There are 2 protein chains.
Amino acid sequence: MPATAGPEIERLIQLLARLPGLGPRSARRAALHLIKKREQLMSPLTSALETALAKIVICRVCGNIDTQDPCTICTDPRRDPSVIVVVADVADLWALERAGAINARYHVLGGTLSPLDGIGPQDLTIDAVVTRAHEPAVREIILALNATVDGQTTAHYITDLLHNAKVSVTRLAHGVPVGGELDYLDEGTLSAAIRQRTPF
Amino acid sequence: MPATAGPEIERLIQLLARLPGLGPRSARRAALHLIKKREQLMSPLTSALETALAKIVICRVCGNIDTQDPCTICTDPRRDPSVIVVVADVADLWALERAGAINARYHVLGGTLSPLDGIGPQDLTIDAVVTRAHEPAVREIILALNATVDGQTTAHYITDLLHNAKVSVTRLAHGVPVGGELDYLDEGTLSAAIRQRTPF
């Protein structure tokens, strides 16, 4: 764009465009919206970012993102310390927490094994999962990984490492999504749903 | 969400969700992306917002958003001072500049007349358009307003106010969008394109 707005505004647009979900055009709209709502939105957002920058830390126990270390979940006495839910990413942890699926602790791997992308065991916190699985309080490791090739490879890899640990290793059920229509489901999901059928 | 992340992260997500183009779910993804790319994205974005907050001003002449007042466009000696392009919003000004459509000056109304939403002439900078139209250097006012009822009402209102001024008042051409297919166009656009046909 020619010199219509100052370079400061262009820089803001460029940075906003790097957020997932915003393209160059919507970043422009977002910047304009911020500038128009300077008091109500731009100023609070700037402060929130400053606070987050200053306070956010990675939990040394589980890899969760929080403003305290160990994180809120690891230090919560009401959480079941005997179950650890292994997830690939903090986004997955958030998703399970939104669902209120389980009141346990977590372990964030930081990704999944992916030979094609050059991601090996040393790039993830797999060693820490094994260490935690040997703690006396821990009785179950739930592998809550994506039902993709990479996710399942990672699950198998971790299961192999845990064969000496006195824990049961479980994984998420496969089946028909709640609200899902059979007609639209792939064969793999339907076969799994039949194989793992439950009494009515 | 229960207490999985600190309130600072929740606040950041809430504020990001108020940007146009981001919903609650994508705001969560954006926040996570920012936190992961703290050095490369979160920190520069925070600085860009701080700079914008401190520097951005509204041009007292044309209503454009810039970091100087009068704005870059109003003070640019290479711009034709005899033509003023009247737009509803800064986003429209940016769109015309991106297109490189004209090398003139602008006037941002701040919206369009809309009796249903209670927006009358006193809420827009229509008086300033009339004042500027009476400046000796100005010879043409281009009404670059949306081809909607509100946009065209505003255009008619301004045209009426300018009948004493020694300027020609023009508006954008209606017609087939470049790259558009006739089959998909509405009757109004097609009729306008026929009526305003030009020699080949």
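Throughout, a chain's letter reflects where its sequence line sits, starting with A, and its residues are numbered from 1. For clarity, every value in this text was computed on a predicted model and none was experimentally measured. Side-chain atoms are counted along with the backbone in the values below, which use heavy atoms only and exclude waters and symmetry mates.
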Max heavy-atom pair count under 4.5 Å with chain B, selected residue of A/I58, A/I56, A/L34: A/I56

Count the heavy-atom pairs under 4.5 Å between each of A/L53, A/L22, A/L16 and chain B, then report the option with the highest count. A/L53

Have A/S82 and A/E140 got a donor and an acceptor in their side chains that come within less than 3.5 Å? no

Between A/Q40 and A/P44, which heavy-atom pair has the shortest distance, and what is it? O-CG, 3.2 Å

Chain B: which of A/D89, A/T46, A/L12 shares the most heavy-atom pairs with it under 4.5 Å? A/T46

Look at A/R11, A/K37, A/R25, A/R38 and state which one has the largest set of heavy-atom pairs under 4.5 Å with chain B. A/R38

Which atoms of A/K36 come close to chain B, meaning under 4.5 Å heavy atom to heavy atom: side chain ones, backbone ones, both, or neither? side chain

If you draw a 6.0 Å radius around CD in A/E187, do more than 12 non-hydrogen atoms from other residues or ligands fall strictly inside? no

Whether the side chain of B/T159 engages the backbone of B/V169 through a donor-acceptor N/O pair (distance < 3.5 Å, no angle test) should be reported. no

Counting heavy-atom pairs closer than 4.5 Å to chain B, which one of A/S47, A/S26, A/A31, A/A30 comes out on top? A/A30

Within a strict 4.5 Å, meaning less than it, do heavy atoms of the B/T153 and B/T148 side chains meet? no

A/H163 side chain to A/D160 main-chain N or O, any donor-acceptor pair under 3.5 Å? yes

Under a 4.5 Å heavy-atom cut-off, does chain B meet the side chain of A/I35, its backbone, both or neither? side chain

Measuring heavy-atom distances to chain B, does A/T51 have an atom under 4.5 Å in its side chain, in its backbone, in both, or in neither? side chain

Which one of B/R29, B/K55, B/R18 has the most heavy-atom pairs closer than 4.5 Å to chain A? B/R18

I'd like to know whether B/C59 forms a side-chain contact (heavy atoms from CB on, under 4.5 Å) with B/Q68, so could you lay out the CA-CA distance, the side-chain angles of the two residues, the decisive distance to 0.1 Å, and finally the verdict. CA-CA 7 Å; B/C59 173; B/Q68 61 177 73; over 6 Å; no

